[in-house]
Novice: 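The structure that follows is given in the form of structure tokens.
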Amino acid sequence: MKKIVVIVGPTAVGKTALSIEIAKRFDGEIINGDAVQVFQGLNIGTAKITNEEMAGVPHHLIDICDPASTYNVFDFKKDVDHLIEKISSQGKLPIIVGGTGLYIQSVLYDYQFPEQKTDHALREQLTQLTPEQLYQQLVQLDEAAASSIHPNNLKRVIRALEICLSTGRKFSEQSTQTSRIEKYSAYVIGLEMDRETLYQRINARVLSMIEAGLEREVRNLCERGMADAQSMQAIGYKEFIPYFHGEQTIDEVIKQIQQHTRNFAKRQYTWFKNKMDIEWFTLNPDQNCSIQFQAIMNEIALFLGK
RNA sequence: GGAAGGGUAGCGAAGAGGCUAAACGCGACGGACUGUAACUCCGUUCCUUCGGGUUCGGCGGUUCGAAUCCGCCCCCUUCCA
């Protein structure tokens with residue numbers, strides 16, 4: 001089994017800094033594991049790594065999509081599998097770094113996706129129905145899926161129906177097909193931090209994003225007609241829309257971005273703590289980062305047998 | 001000094017004699033997650049040894065029964081001096 005290193009954790013804990021140190025020390029290449037950083041032009045708001053910060057370490061899956069286009073787990077899983085193959089074959093260490101639970105999970109546990117793409121015509125039909133009707137239909141077609149999806153979770157109900165209707169197979173079969181066995185020999189590092197401290201860091205980071213010109217970045221994308229694009233639903237972007245329409249003040253926008261980021265960090269913890277097998281390391285921002293990283297480095301060395 | 005309005009759970013805010021440990025919103029916490037996932041959705045949220053206990057600025061009073069009615073006091077906001 002190919003060995004890979006994975007770094008996960010909530011937004012703003014400091015994954016990027018660690019990833020660079022690991023890549024340099026173990027001759028690795030970094031694969032972005034973050035759903036929004038794949039888009040070009042979304043830089044400040046996604047806290048995307050800069051060229052200088054990369055320090056010569058090769059980075060993949062960053063800026064690979066036009067902000068008007070779409071990207072999803074299916075694409076990610078396929079791309080990462082190829083990249084791991086490629087990087088490993090060059091004798092280098094693949095390092096996945098990011099905070100998108102589903103994406104990383106799909107790679108580690110080798111999710112099997114049907115080739116079926118989003119069927120817009122079918123979705124159009126489905127949205128004509130009431131949520132109750134949709135759920136009832138799902139109960140008829142796939143009881144197992146219906147029982148695991150809450151009736152109020154319209155998005156999931158529709159997707160499950162879409163799969164059932166267009167493939168003729170049950171949506172719930174998808175998960176039973178998944179091997180549940182890890183595809184790679186992965187050392188998964190989870191970075192965590194005292195909740196209160198993390199929230200303060202998030203608040204401060206949003207403020208510095210504003211200072212760095214986040215508003216200009218978002219306005220630019222909007223002027224290019226991206227307002228309704230998938231990329232613009234990211235935290236730090238969508239919040240500007242009402243402000244641009246004159247319905248909110250910039251202070252309200254900032255507060256919202258901070259709030260949404262904090263809520264997001266908590267959801268990330270929920271995923272990582274409950275769905276993945278992770279080696280957790282607690283970071284103390286008051287202490288020297290390199291020293292704290294040292295313990296992690298030692299573990300990786302053991303894992304790699306170096 | 002005078003007049004009016006107001007003080008309800010972490011915050012905002014309903015409730016105007018019993019159906020109220022107190023709607024709703026926010027926050028916080030916990031959880032779910034297989035093609036928009038930085039999405040979407042769910043649960044808990046006065047204390048409790050789960051029997052119960054203590055609440056609606058404070059202290060008294062009316063009543064079978066008070067967050068709701070009465071009196072006094074404290075604090076806040078606006079207006080007049």
Side-chain angles (χ1 to χ4, degrees), chain A residues 8-12 32-39 42 44-48 65 67-79 98-120 122-123 131 135 142 144-145 147-164 166-167 169-180 195-196 198-199 202 205-206 209 218 226 228-239 252 255-276:
Chain A
V8 299
T11 185
N32 161 246
D34 198 292
V36 188
Q37 294 194 8
V38 297
F39 294 107
L42 281 77
I44 300 172
T46 62
K48 198 180 280 171
C65 290
S69 65
T70 58
Y71 191 78
N72 59 44
V73 218
F74 180 79
D75 303 320
F76 180 81
K77 163 61 159 90
K78 199 172 46 164
D79 289 345
T100 305
L102 175 66
Y103 282 19
I104 292 169
Q105 187 90 352
S106 76
V107 171
L108 262 32
Y109 294 90
D110 201 22
Y111 277 16
Q112 301 297 311
F113 298 110
E115 280 299 322
Q116 192 64 39
K117 291 181 71 175
T118 306
D119 186 335
H120 295 287
L122 180 57
R123 284 209 177 183
Y135 190 73
D142 186 348
S147 67
S148 68
I149 301 173
H150 189 100
N152 288 356
N153 204 342
L154 237 196
K155 239 175 193 176
R156 300 273 146 79
V157 171
I158 287 180
R159 161 101 281 238
L161 266 180
E162 185 185 7
I163 291 292
C164 294
S166 59
T167 65
R169 306 234 310 265
K170 290 185 175 180
F171 174 74
S172 53
E173 280 176 22
Q174 263 187 70
S175 49
T176 38
Q177 276 172 8
T178 299
S179 56
R180 273 173 216 290
R195 189 73 62 91
E196 192 60 35
L198 181 70
Y199 284 0
I202 286 171
R205 187 159 84 166
V206 171
M209 284 174 177
V218 184
M226 308 296 167
D228 297 320
Q230 175 193 334
S231 60
M232 285 294 294
Q233 73 172 1
I235 296 167
Y237 294 84
K238 59 183 170 196
E239 292 86 356
E252 287 172 318
K255 285 266 182 309
Q256 286 238 302
I257 296 175
Q258 290 172 324
Q259 182 65 62
H260 292 162
T261 309
R262 276 181 262 129
N263 292 158
F264 171 51
K266 205 172 82 51
R267 265 180 276 129
Q268 289 178 299
Y269 270 129
T270 300
W271 185 292
F272 296 132
K273 298 243 167 171
N274 296 290
K275 291 185 83 91
M276 292 170 76

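Each chain gets a letter, A, B and so on, in the order the sequences are listed, and its residues count up from 1. The analysis underlying the following values was restricted to heavy atoms, covering all of them including side chains, and did not include hydrogens, waters or symmetry mates.
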Novice: When rounded to the nearest Å, what value does the distance between C1' atoms of U20(B) and A16(B) take?
Specialist: 13 Å
Novice: Given pairs defined as Watson-Crick or G-U wobble with both distances under 3.5 Å, what dot-bracket annotation applies to RNA chain B, with ( ) intrastrand, [ ] crossing, | other strand and . unpaired?
Specialist: ((((((((.[[[..)..(.....]]]((((((.......))))))((....))...[[[[[..)....]]]]]))))))).
Novice: Determine, for nucleotides 38-44 of chain B in 5'-to-3' order, which nucleotides have protein heavy atoms under 4.0 Å from the base (write B), from only the sugar-phosphate (write S), or from neither (write -).
Specialist: BBBSS--
Novice: Using side chain to side chain contact (heavy atoms under 4.5 Å, CB included), reason through K78(A) and F113(A) one step at a time and then give a plain yes or no.
Specialist: CA-CA 10 Å; K78(A) 199 172 46 164; F113(A) 298 110; over 6 Å; no
Novice: Do the non-hydrogen side-chain atoms of R195(A) and K266(A) ever get within less than 4.5 Å of each other?
Specialist: yes
Novice: Looking at CE of M232(A) and CD of E239(A), how far apart are the two atoms once the value is rounded to the nearest 0.5 Å?
Specialist: 9.5 Å
Novice: Considering only the C1' atoms, how many Å lie between U8(B) and A22(B), rounded to the nearest integer?
Specialist: 8 Å
Novice: Check the distance between A32(B)'s C1' and K273(A)'s NZ and give it to me in whole angstrom.
Specialist: 17 Å
Novice: Is there a side-chain polar atom (N or O) of R262(A) under 4.0 Å from OP1 or OP2 of A28(B)?
Specialist: yes
Novice: Any side-chain heavy atom of T46(A) sitting closer than 4.5 Å to one from Y237(A)?
Specialist: yes
Novice: For the pair T270(A) and K275(A), evaluate side chain to side chain contact (heavy atoms under 4.5 Å, CB included) and give the outcome as yes or no after the intermediate values.
Specialist: CA-CA 8 Å; T270(A) 300; K275(A) 291 185 83 91; over 6 Å; no
Novice: With rounding to the closest Å, how many angstrom separate the P atoms on G25(B) and A14(B)?
Specialist: 15 Å
Novice: Find the distance Y71(A):OH to A37(B):P and express it as a whole number of Å.
Specialist: 10 Å
Novice: Could you work out the separation of U68(B) and G18(B) based on their C1' atoms and round it to a whole Å?
Specialist: 11 Å
Novice: Pick base, sugar-phosphate or nothing for R195(A), based on heavy-atom distances below 4.0 Å to the nucleic acid.
Specialist: sugar-phosphate
Novice: Atom CG in N32(A), atom CG in D79(A): separation rounded to 0.5 Å?
Specialist: 11.0 Å
Novice: What integer distance in Å separates Y269(A):OH from A32(B):P?
Specialist: 16 Å
Novice: Could you check if the base of G51(B) is syn or anti? Syn means the glycosidic torsion is within 90 degrees of 0.
Specialist: syn
Novice: Provide, to the nearest angstrom, the distance between the CD atom belonging to E196(A) and the C1' atom belonging to C29(B).
Specialist: 13 Å
Novice: Is the backbone of V157(A) close enough, under 3.5 Å, to the side chain of Y135(A) for a donor and an acceptor to pair up by distance?
Specialist: no
Novice: Would you kindly give the CD1-to-C1' distance between I158(A) and A37(B), to the nearest whole Å?
Specialist: 16 Å
Novice: K255(A) NZ to C11(B) P: how many Å, rounded?
Specialist: 18 Å
Novice: For T261(A) and R205(A), what are the C-alpha separation, side-chain angles and deciding distance, and is it a side chain to side chain donor-acceptor pair (under 3.5 Å)?
Specialist: CA-CA 10 Å; T261(A) 309; R205(A) 187 159 84 166; over 6 Å; no
Novice: Thinking salt bridges, do K255(A) and E252(A) make one under a 4.0 Å N-O criterion?
Specialist: no
Novice: For A28(B), does OP1 or OP2 lie under 4.0 Å from any side-chain N or O of N263(A)?
Specialist: yes
Novice: Counting distance only, does the side-chain N/O of E162(A) pair as donor-acceptor with the main-chain N or O of R123(A) below 3.5 Å?
Specialist: no
Novice: Considering only the C1' atoms, how many Å lie between U62(B) and C79(B), rounded to the nearest integer?
Specialist: 34 Å
Novice: Report yes if at least one side-chain N or O of Y199(A) is closer than 4.0 Å to OP1 or OP2 of C29(B); otherwise report no.
Specialist: yes
Novice: Taking all non-hydrogen atoms of both residues into account, name the closest pair between H260(A) and I235(A) and its distance.
Specialist: O-CD1, 3.5 Å
Novice: With heavy atoms under 4.0 Å as the rule, sort F39(A) into base, sugar-phosphate or nothing.
Specialist: nothing
Novice: What does the list of N/O pairs under 3.5 Å between the protein and nucleotides 24-26 of chain B look like, with a distance for each?
Specialist:
none

Novice: Please state how far atom CZ in F272(A) lies from atom C1' in A32(B), giving the value in whole angstrom units.
Specialist: 15 Å
Novice: Expressed in whole Å, how much space separates the P atoms belonging to G57(B) and A9(B)?
Specialist: 8 Å
Novice: Considering only atom P, compute the distance from C56(B) to G5(B) and round it to an integer number of Å.
Specialist: 23 Å
Novice: Mind checking the C1' distance from C42(B) to C46(B)? Whole angstroms is fine.
Specialist: 24 Å
Novice: Think R159(A) has a side-chain N or O under 4.0 angstrom from the OP1 or OP2 of A37(B)?
Specialist: no
Novice: Enter the distance from Q174(A):CD to Y111(A):OH here, rounded to the nearest 0.5 Å.
Specialist: 10.0 Å
Novice: To the side chain of K266(A), which of U36(B), G30(B), A28(B) is closest?
Specialist: G30(B)
Novice: With a 4.0 Å cut-off on heavy atoms, is F171(A) in touch with a base, just the backbone sugar-phosphate, or nothing at all?
Specialist: sugar-phosphate
Novice: Tell me: CG of L161(A) to P of U34(B), nearest whole Å?
Specialist: 14 Å
Novice: Say whether, by atom type as modelled, one donor and one acceptor occur between the side chain of Q258(A) and the main chain of V206(A) under 3.5 angstrom.
Specialist: no
Novice: Please indicate whether D228(A) has more than 12 foreign heavy atoms, meaning atoms of other residues, nucleotides or ligands, lying under 6.0 Å from its CG.
Specialist: no
Novice: Which is true for D228(A) with a 4.0 Å heavy-atom rule: it touches a base, it touches only sugar-phosphate, or it touches nothing?
Specialist: nothing
